Amino acid sequence: MRLLVIGAHPDDPDIRAGGLACTLAAADHDVRFLSLTNGNKGHHEQRGMELANRRQSEAQAAAEIAGLDGYDLLNIPDGELQPTLDNRKTLIRYIREYDPHLILTHRPNDYHPDHRYTSQLVQDAAYMVTVPKMCPETPHLADDPVICYLTDEFHKPYPFSPDVVVPIDQEDVKRKYDMLHQHTSQLYEWLAYNHGYLDDVPDEEEERREFLETDPLNAMAEMSNVADRFRDRLVARYGEEQGNAIEYAEAFEACEYGAPLTDDRIPELFPI
Ligand SMILES: [Zn+2]
């Protein structure tokens, strides 16, 4: 199994699919993260190449912890991603070269323009990866990958409705937070500043790690775990007792423009 998670920024894949990524990588599947921007605006003090380089290093550290194949950042400025033909071609070539069975990305309706256009670019590349005369210098794929959306909290035009909800065991949850912990510039600086809790972030490394996973001030903890939000789905799949005992889960919604996510493909693509 090859999984490709495509986010707009270096930390989006980790937040929404880090648990699945850690679980699959630990079982010797191939997992890669791609950020379509270089993240060079995600800070209140740093910017430009200094910040882009820092975020590249943070992404590499996260990839090592999760055992990913790689964590690539395209050199497109943060906040300036456009669904251009050039970007579509870049993405078509990238997807063809990795040849994933499953792609995860943002939904098209989202507060952040980079998230919206990432979703648009993945949708625009979806079928074209199989068209030989499109970008003919990179061999086309025989089959479309399955494409699913990452969770979000938006309700219009319709709320995120999962086709797959996967439990993440404690060891992989720990590894997911260890990954997020590497994105210091985001989790402990920029997002804390932007959400107004910068003064509450502990200085010590160990206390920060604890804060990241458990403190209600830290919005990530709740956003990244959807076990309670989709409890009914977990109970339906795993039964009353087991479904209610699941503490941590991630969820994914099928996009209609990739290969169909049929029932028989779910255990192959989400082998948990
Ligand atoms: Zn983002």
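If you're wondering where the values come from, they're calculated on a predicted model, not measured in any experiment. All values below come from the heavy atoms of this structure, side chains included, with hydrogens, waters and symmetry mates left out. Whatever order the structure lists ligands and atoms in, that order sets their numbers, starting from 1.
Crowding of Glu268 atom CD: a count of heavy atoms from other residues, nucleotides or ligands under 6.0 Å exceeding 12. Counting heavy atoms of neighbouring residues, nucleotides and ligands inside a 6.0 Å radius, atom CD of Glu247 does not exceed 12 of them.
Annotation: cation-pi geometry not satisfied between Arg16 and Tyr149 (NZ/CZ under 6.0 angstrom from ring centroid, within 45° of ring axis).
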**OP:** Could you go through the side chain to side chain donor-acceptor pair (under 3.5 Å) check for His181 and Tyr188 one step at a time?
**Re:** CA-CA 8 Å; His181 181 66; Tyr188 304 127; 2.6 Å; yes

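Sorted by chain and number, the protein atoms of type N, O or S within less than 2.8 Å of the Zn ion (ligand 1) are His9 ND1, Asp12 OD1, Asp12 OD2, His115 NE2.
No side-chain heavy atom of Tyr248 sits less than 4.5 Å from a side-chain heavy atom of Pro167.
Within the structure, side-chain hydrogen bond (donor to acceptor under 3.5 Å, both in side chains) contacts touching residues 133-143 (residues at least two apart or in different chains) are Arg93-Glu137.
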